[in-house]
Amino acid sequence: DAGITQSPRYKITETGRQVTLMCHQTWSHSYMFWYRQDLGHGLRLIYYSAAADITDKGEVPDGYVVSRSKTENFPLTLESATRSQTSVYFCASKASFSGNTIYFGEGSWLTVV
Amino acid sequence: SQELEQSPQSLIVQEGKNLTINCTSSKTLYGLYWYKQKYGEGLIFLMMLQKGGEEKSHEKITAKLDEKKQQSSLHITASQPSHAGIYLCGADITNAGNMLTFGGGTRLMVKP
């Protein structure tokens, strides 16, 4: 049972480069989320998706792009990475019938230099 | 999130001692979720509370929801080194039923 997997787990990139973080879930959950976790800010929602081809902004969407062409995948793209986007990124998912219990991936550590 | 405040921010306890972590919301709670995170890992779901007065336990961890105070507490009895980590509360404060807002987390260290 793979659950929810993120890749890469660790990434160092340069300012201005495009970076894509991948997220894949095997549960066929309808909802998927991207959060970032920073010291002093806790977990903040970047984008979420209620179903394939449906995405919505969260609390901190600027500088990020998402897509959801397939239910199981929800990639997050930083079009032009900035140092302020150095963070730990968590992908998460939930089934539409399970209340609000969200299940998280292991996280992707991104450093922008 | 300023909408969800956790206290304390960090806690160091001696193994065997009891401890309590609080999560207070500035908005109405439509559901309260507790997660545990170990450094370098993802969040592990612990418990969900939805009704005022509800109390749930798992092994030595008990969570309660005080709907009137818009607050939840997480209590660990006879703490062990395995309890160390970051505890996060997440809440549905929109009643939209599709996302959680998280508190800043409580970092727990248990000294053997």
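Proximity to chain B (any heavy atom under 4.5 Å) is shown, for A/Gln6, by neither the backbone nor the side chain. Looking at B/Leu88, only its side chain comes within 4.5 Å of chain A, counting heavy atoms on both sides. Only the side chain of B/Gln37 comes within contact range of chain A, judged by heavy atoms closer than 4.5 Å.
Between the side chains of B/Arg107 and B/Ser10, no donor-acceptor pair is found at a separation under 3.5 Å. Checked by atom type, the side-chain pair A/Asp38/A/Ser87 shows a donor-acceptor distance below 3.5 Å. Under the 3.5 Å distance criterion, with hydrogens and angles disregarded, no donor-acceptor pair is assigned to the side chains of A/Ser69 and A/Ser67.
Here B/Ser57 pairs with B/Thr62 under the side-chain hydrogen bond (donor to acceptor under 3.5 Å, both in side chains) rule; sequence neighbours left out.
Of the possible donor and acceptor atoms, none in the side chain of B/Glu54 sits under 3.5 Å from a partner among the backbone N and O of B/Leu65.
Between B/Phe102 and B/Tyr33, a ring centre-to-centre spacing not shorter than 6.0 Å is recorded. When ring centroids are compared, B/Phe45 and B/Trp34 stay outside the 6.0 Å threshold.
For residues 105-113 of chain A, the interface with chain B (any heavy-atom pair closer than 4.5 Å) comprises A/Gly105, A/Glu106, A/Trp109, sorted by residue number.
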